[in-house]
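Everything numeric in this text was worked out from a predicted model, so none of it was measured.
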Amino acid sequence: MKSPMKKHTNDVILESSTTFITFIIFLFAVYLFFAGHYTPGGGFIGGLVTASALVLVLLAFDIQTLRQILPVDYKQMTAIGMLISVLTASGALLFNVPFFTHAHDYFNLPLFGKTSLHTAMLFDLGVYLVVVGVTMTIIQTIGESD
């Protein structure tokens, strides 16, 4: 069986389609991340979709190509995501309100107009980083053990 960590054959069709499809999957992950506050989605599902795009790159190419495209230590990504999530959730304690209380306000942004910004989005960013980091760490660990 072909290991996703080592390149054995030249799959031109898979490689060519992966470069295009991965971009579409990333865009969909970004949409899910931002839509998650008002509709189904958010940091968890956005992270899973992003990890699936990275796994597709890993399967079409190899681990070295993925490391060249995205030179990230996924364990550090997980730690940073946990830190962001915990700090965002506990930040409410500084204002003497219950843990996990989120704040929001409306801002006039140049291209978007009147937009609501929430601290829950920071929490979702932390969850997103944790999900991508843990998923990719597991995938790489399984692949490297072959």
**Q** Specify the closest pair of heavy atoms between Thr137 and Thr141, including all atoms of both residues, with the distance to one decimal.
**A**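 Nearest pair, atom of Thr137 first, then Thr141: O-OG1, 2.7 Å.
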
**Q** Tell me whether the count of non-hydrogen atoms from other residues, nucleotides or ligands lying under 6.0 Å of CZ in Phe95 goes above 12.
**A**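 Incorrect, the count does not exceed 12.
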
**Q** Side-chain heavy atoms nearer than 4.5 Å, only ILVMFWY residues, links allowed to pass through others: does that put Leu48 and Val134 together?
**A**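 In one cluster with Leu48: Val134, no.
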
**Q** Less than 4.5 Å apart, side chain to side chain, heavy atoms only: is that true for Leu54 and Tyr74?
**A**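 They are in contact (side-chain heavy atoms under 4.5 Å apart), so the answer is yes.
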
**Q** Taking atom CZ of Phe20 as the centre, report whether more than 12 heavy atoms of other residues, nucleotides or ligands fall under 6.0 Å from it.
**A**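 Counting neighbours around CZ of Phe20, 12 or fewer heavy atoms of other residues, nucleotides or ligands fall under 6.0 Å, so no.
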
**Q** What are the two closest heavy atoms between Phe33 and Met121, and how far apart are they?
**A**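 For Phe33 versus Met121, the nearest heavy atoms are CZ-O, 3.9 Å.
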
**Q** Rounded to the nearest 0.5 Å, what separation is found between the OG1 atom of Thr22 and the CG atom of Leu27?
**A**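 Result: 11.0 Å between the selected atoms.
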
**Q** Transitively linked via ILVMFWY side-chain contacts under 4.5 Å: Ile21 with Ile13?
**A**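 In one cluster: no.
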
**Q** If I compare all heavy atoms of Ala29 with all of Gly46, which pair ends up nearest, and what's the gap?
**A**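 Heavy atoms only, the tightest pair is CB-O, 3.6 Å.
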
**Q** In Å and rounded to the nearest 0.5 Å, what is the CD1 to CG distance from Ile80 to Leu125?
**A**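 Answer for the CD1-CG pair, Ile80 versus Leu125, is 10.5 Å.
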
**Q** Side-chain contact test, heavy atoms from C-beta onward, threshold under 4.5 Å: evaluate it for Val55 versus Met136 and give yes or no.
**A**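 Touching, per the 4.5 Å side-chain cut-off.
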
**Q** Can you tell me how the ring of His104 sits relative to the ring of His118, calling it parallel under 30°, perpendicular over 60° and tilted otherwise?
**A**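 Aromatic pair His104/His118 classed parallel.
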
**Q** Once you round to the nearest 0.5 Å, how far does CD of Gln64 lie from CG of Leu58?
**A**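 Rounded to the nearest 0.5 Å, the CD-CG separation comes to 9.5 Å.
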
**Q** Do Ile69 and Thr65 have side-chain heavy atoms sitting under 4.5 Å apart?
**A**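 Yes, at least one pair of side-chain atoms sits under 4.5 Å.
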
**Q** Decide whether Leu93 and Leu83 are clustered together by the hydrophobic rule: side chain heavy atoms of Ile, Leu, Val, Met, Phe, Trp, Tyr closer than 4.5 Å, transitively.
**A**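 No.
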
**Q** As an exercise, state the distance from CZ of Phe123 to CD1 of Ile84, rounded to the nearest 0.5 Å.
**A**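 That separation rounds to 11.5 Å.
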
**Q** Is Leu59 reachable from Val57 through a run of hydrophobic residues whose side-chain heavy atoms are each under 4.5 Å from the next?
**A**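 Val57 and Leu59: one cluster.
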
**Q** Could you check whether the rings of Phe28 and Tyr31 sit parallel, tilted or perpendicular, using 30° and 60° as the cut-offs?
**A**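 Parallel, since the angle between the ring planes stays under 30°.
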
**Q** Are His102 and Leu122 side-chain neighbours, meaning at least one heavy-atom pair lies under 4.5 Å?
**A**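 In short, these two side chains do not touch, never coming nearer than 4.5 Å.
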
**Q** Hey, are the side chains of Phe61 and Leu66 touching, using non-hydrogen atoms and a 4.5 Å cut-off?
**A**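 Contact flag for Phe61/Leu66 side chains = no.
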
**Q** If you compare all heavy atoms of Ala51 against all heavy atoms of Thr135, which two are closest, and at what distance to 0.1 Å?
**A**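 Heavy atoms of Ala51 and Thr135 come nearest at CB-CG2, 3.6 Å.
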
**Q** Check this for me: Asp105, atom CG, are more than 12 non-hydrogen atoms of other residues, nucleotides or ligands nearer than 6.0 Å?
**A**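 Correct, the count exceeds 12.
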
**Q** Is there a path of hydrophobic side-chain contacts, each under 4.5 Å between heavy atoms of I/L/V/M/F/W/Y residues, joining Phe26 to Val49?
**A**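 No.
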
